[in-house]
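It should be emphasised that the depicted structure is a prediction, and the values quoted were computed from it without experimental measurement. What's counted below: heavy atoms across the whole structure, side chains too, no hydrogens, waters or symmetry copies.
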Amino acid sequence: MKVSIRDLSKMTGFSPATISNALNHKKGVNRETAEEIFRVARETGYLSANAVTKIRLVIFKKNGQILEETPFFQQMIEGIEEECHRLGYEMVISHVDQRNPSYQKQVRDLLEEQGVGIILLGTEMMDGDLSLYRNASCPVLLLDHWTELMDFNSVLINNADAARAITEHLLDNGHREVGYLRGNYRIKAFRSRFIGFQTALKKYKVPYKEEYTVTVGTYMSTACQDMLEYLKKKPKLPTAFFADNDIIALGAMKALQEMGYRIPEDVSIVGFDDLTFSEISSPPLTTLRVEKREMGKMAVRRLVELIDGIGTSTVTKIQVCPKIIYRNTVKNIK
């Protein structure tokens, strides 16, 4: 005999309305209540064992050069957790490392799990790394990555427009000799930021000069060391630098200051991400704030739409627009 919501209500002691709200991931049902309702619903056969009740955040590492040092992603993960809780989904986190000999098996096992939707944090992914994920038997959403083949739904930062905007801030302050602090591991986000940087220069008819590009490591320590090596050659410096992210900007600032340069009196510098360090650096760093927590929440909401069959025929690329945070590392030289 088929179990009804009224039967579930009698078994659990919760009202039919609460049962319905929990099973449909509506607001107002706390986690413990939702978990108990889903447990009973599965045990009684009301809910198919294949129904998605869990969201798994899969954190992909290629080499750790981006993920291992920055605190950027913690707020994003907190946003995912908060939205999962609000919508009644269990959240779990898995780490996959491409350097691990069992990487491919780990991924296949994750993608074959029933009752799960996956948010794949692909910050460190390069072209070709997504091939393993294309035959997933569960819904998959990309976070902080995308593919030109347009076959994955994704939520990411509007890197190009944001980099263009903050480079224009340098140009609006009179800078015409603008350099680029280039991370040596070329994730897609960095490549898009470079495009935005170049777009701003072209708009203002300012030539891009290769000699003002400094390639540095993506850890604060390696960015500082590489910048020191560059400065020891006593090169002609631009009046300002755009950096791929705050970690690189802060490492370069330390090197510049060690070599006697004043910021922003001698060299202006801007970053990207608005890490906590950036607000308390000396001087505080002008940068781009990414709404990291909201970005995580948006990823959950879009994945739930895919789980519920909403908009599954249309692949979407949702871009979160950062905001310039004006601090003290840009000098007006007009």
Would you indicate whether the side-chain heavy atoms of [Y] and [X] approach each other to under 4.5 Å?
X    : Y    : answer
E148 : K188 : yes
T147 : R134 : yes
I269 : L181 : yes
V96  : Y103 : yes
I157 : P322 : yes
E113 : K54  : yes
Y230 : V216 : no
R327 : E279 : yes

Any donor-acceptor N/O pair, [X] side chain to [Y] backbone, under 3.5 Å:
X    : Y    : answer
T215 : N184 : no
Q257 : S282 : yes
E112 : S137 : no
K62  : T123 : no
T239 : E177 : yes
S131 : G128 : yes
Q98  : F60  : no
T44  : V40  : yes

Hey, what do you get for [atom1] ([X]) to [atom2] ([Y]), rounding to the nearest 0.5 Å?
X    : Y    : atom1 : atom2 : value
I247 : Q65  : CD1   : CD    : 13.0 Å
L285 : L250 : CG    : CG    : 5.5 Å
E78  : R293 : CD    : CZ    : 4.5 Å
I166 : R164 : CD1   : CZ    : 11.5 Å

Check your understanding: F197 vs F242 aromatic rings, parallel, tilted or perpendicular, using cut-offs 30° and 60°?
Key -> parallel
Exercise for review: Classify the ring geometry between F194 and Y180 as parallel (under 30°), tilted (30 to 60°) or perpendicular (over 60°).
Suggested key: parallel
Review point. Going through the distances and angles, do E305 and R301 end up as a salt bridge (charged side-chain N to carboxylate O under 4.0 Å, His left out)?
Key: CA-CA 6 Å; E305 288 181 347; R301 292 195 291 268; over 6 Å; no
Review point. So, H169 versus Y326, ring centres under 6.0 angstrom or not?
Key: yes
Exercise for review: In sequence, state the C-alpha distance, the side-chain angles, and the governing distance for M76 and L143, and then conclude on side-chain contact (heavy atoms from CB on, under 4.5 Å).
Suggested key: CA-CA 10 Å; M76 194 181 291; L143 180 58; 3.4 Å; yes
Point to revise | Chi angles and distances behind the salt bridge (charged side-chain N to carboxylate O under 4.0 Å, His left out) call for E82, R86 | key: CA-CA 6 Å; E82 287 174 16; R86 185 180 75 83; over 6 Å; no
Practice item. Return yes when atom NZ of K236 has more than 12 non-hydrogen atoms of other residues, nucleotides or ligands closer than 6.0 Å, and no otherwise. Key: yes
Practice item. Step through the shown structure and confirm whether more than 12 heavy atoms of other residues, nucleotides or ligands are within 6.0 Å of NZ on K317. Key: yes
Review point. Would L171 and L201 satisfy side-chain contact (heavy atoms from CB on, under 4.5 Å), going step by step from the backbone distance to the final call?
Key: CA-CA 8 Å; L171 297 164; L201 295 182; 4.2 Å; yes
Practice item. Among L156, V155, L130, find the one that has a side chain to side chain contact (heavy atoms under 4.5 Å, CB included) with W146. Key: L156
Practice item. Verify side-chain contact (heavy atoms from CB on, under 4.5 Å) between K292 and Q74, making sure each step is shown before the conclusion. Key: CA-CA 8 Å; K292 300 170 273 290; Q74 185 55 42; over 6 Å; no
**Study point:** Any side-chain donor near an acceptor of the partner, T213 and R182, under 3.5 Å
**Key:** no
Point to revise | Check: N21/T18 side-chain N/O donor and acceptor closer than 3.5 Å | key: no
**Study point:** Residue from D246, D273, N245, D274 passing side-chain hydrogen bond (donor to acceptor under 3.5 Å, both in side chains) with T287
**Key:** D246
Exercise for review: Begin with the C-alpha distance, continue with both residues' side-chain angles, and end with the deciding distance and a verdict on side-chain contact (heavy atoms from CB on, under 4.5 Å) for N100 and H95.
Suggested key: CA-CA 11 Å; N100 191 317; H95 297 262; over 6 Å; no
Check your understanding: Using links of under 4.5 Å between side-chain heavy atoms of ILVMFWY residues, direct or through other members, which residues join L149 in one cluster?
Key -> none
